[in-house]
Number of protein chains: 2
Amino acid sequence: MEFEARLRDRTAWSIGDHCSAAKTLELLSTKTAFLVVRECFYGTSRFDDFVTRIEAAAPTIARALKQLESAGVLARTPYREPGARPRDEYRLTEAGEDLLPVFLALVQWGDKHLQDGRPPLTFTRGGDGKQVGVTVTTTDTEPVTSQDIEIRRGGRRTT
Amino acid sequence: MEFEARLRDRTAWSIGDHCSAAKTLELLSTKTAFLVVRECFYGTSRFDDFVTRIEAAAPTIARALKQLESAGVLARTPYREPGARPRDEYRLTEAGEDLLPVFLALVQWGDKHLQDGRPPLTFTRGGDGKQVGVTVTTTDTEPVTSQDIEIRRGGRRTT
DNA sequence: CCGTATCCACAACGATACTG
DNA sequence: CAGTATCGTTGTGGATACGG
């Protein structure tokens, strides 16, 4: 925690909700919404599957689904299997897919601190089976710890 | 989204809350709790600063603080500046510091999708001023996208 | 300055019941 | 199977007022 030493003029930016994290939380802050996103990452796309897999009540899921849809994280698209009646499916948009680091970071923390023993799930890359996780790095990928991060106002992001 | 093809036996693990992400959310799910963690990353450590910077009511902060303390994310340690009366300060524990990727991932997503124009804050490494962010990678750091991730049950984590 | 106690408002979730 | 409507309960946050 060396942040503090480098921070001047706190009042201006931490206050109010210019903060991106706060805004993001506003969208996902309902636990159910987040679990829906998780399920999407797992491949769930049908209403009833969300209900049974998240173990939540139908209205709860419906609410979360709408919330995420209007946030642009999820899209409801109609489709019809040949011979079946038309249905809707819920898929992550590109913006939704971008939540992967958030999801993995959460999982990773839980694995380390909340789970006794081994993590229930492991994420590996299809190609070579290597474990994947999130890392804090510079764009040219040497790991960075919280101690040597400094915060600036404004500036452009390359990502 | 190729996850689906590789998932068998959904029922067993997605259901219930073995899920680390769900457990983690349980801890942080109150928005205030998360904002407190954010403030800690920014160097905030005194009760009143949390109140004014998060713009929340004192009881709300007190609740979040206790919650985080009992979760082992935050520690309240008494200290006394010479000549002043003793006070408590709130600092992240090691487990708390480990939340950095979660925090940065959230910020990063918000910057990209919620903020119009440039991000309000930029995170750079002290040493060389390079921008830092979270990346999904294998342990030997080639970026990995959501398309080529596969999920396994069990297994050991090296982190 | 650092909190706590109380009370109130609203938002989130679950249960139940009902439509296409 | 895929939802919606309604209602009661709880959890989260704000306001106010009070004590170390």
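Letters A, B, ... mirror the listed sequences (proteins, then strands); counts begin at 1. These numbers were taken from a predicted model, which means no experiment stands behind them. Both backbone and side-chain heavy atoms feed into the values below; hydrogens, waters and symmetry mates do not.
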Can you tell me which stems DNA chain D forms, taking runs of 3 or more consecutive Watson-Crick or G-U pairs with both distances under 3.5 Å? C:3-20 with D:1-18

What is the distance, to the nearest angstrom, from the CZ atom on A:R46 to the P atom on D:dG3? 11 Å

Run the side chain to side chain donor-acceptor pair (under 3.5 Å) test on A:T32 and A:T60 for me, step by step, so that the C-alpha distance in whole Å, both residues' side-chain angles and the decisive distance to 0.1 Å come before the verdict. CA-CA 7 Å; A:T32 317; A:T60 306; 5.7 Å; no

Specify the separation, in whole Å, of atom CD1 of B:I61 and atom P of D:dG13. 9 Å

Can any side-chain N or O of B:T93 pair as donor or acceptor with the backbone N or O of B:V73 at less than 3.5 Å? yes

Reading nucleotides 4-20 of chain C from the 5' end, what letters show protein touch, with B for base, S for backbone sugar-phosphate only, - for no heavy atom under 4.0 Å? BB-------BBBB----

Let's go through A:V107 and A:L121 carefully: what are the C-alpha distance in whole Å and the side-chain angles of both, what is the deciding distance for side chain to side chain contact (heavy atoms under 4.5 Å, CB included) to 0.1 Å, and is it a yes or a no? CA-CA 9 Å; A:V107 170; A:L121 253 36; 5.7 Å; no

Looking at A:G43 and A:R91, what are the two nearest heavy atoms and their distance? O-NH1, 4.2 Å

How are the rings of A:F47 and A:Y90 set to each other: parallel, tilted or perpendicular (split at 30° and 60°)? tilted

Once you apply a heavy-atom cut-off of 4.0 Å, does A:F50 come out as touching a base, just sugar-phosphate, or nothing? nothing

Grab the CD1-P distance between B:I54 and D:dT12 for me, whole Å please. 16 Å

Rounding to an integer number of Å, can you tell me how far B:D48 CG sits from C:dC1 P? 6 Å

d(OH, A:Y90; P, D:dA2) in whole Å: 9 Å

What integer distance in Å separates A:D49:CG from D:dC1:P? 9 Å

Without decimals, in angstroms, what is the distance between B:R53 CZ and C:dC1 C1'? 15 Å

B:D111 and A:S20: CA distance, side-chain angles, deciding distance, side chain to side chain donor-acceptor pair (under 3.5 Å) verdict: CA-CA 6 Å; B:D111 283 348; A:S20 291; 2.4 Å; yes

Whether the side chain of B:Q108 engages the backbone of B:V134 through a donor-acceptor N/O pair (distance < 3.5 Å, no angle test) should be reported. yes

Rounded to the nearest 0.5 Å, what separation is found between the CD1 atom of A:I54 and the CZ atom of A:F34? 11.0 Å

Atom-to-atom span, CD of B:E89 to P of C:dG3 - whole angstrom: 11 Å

Gap separating the CG atom of B:L100 from the OG1 atom of A:T135, nearest 0.5 angstrom: 11.5 Å

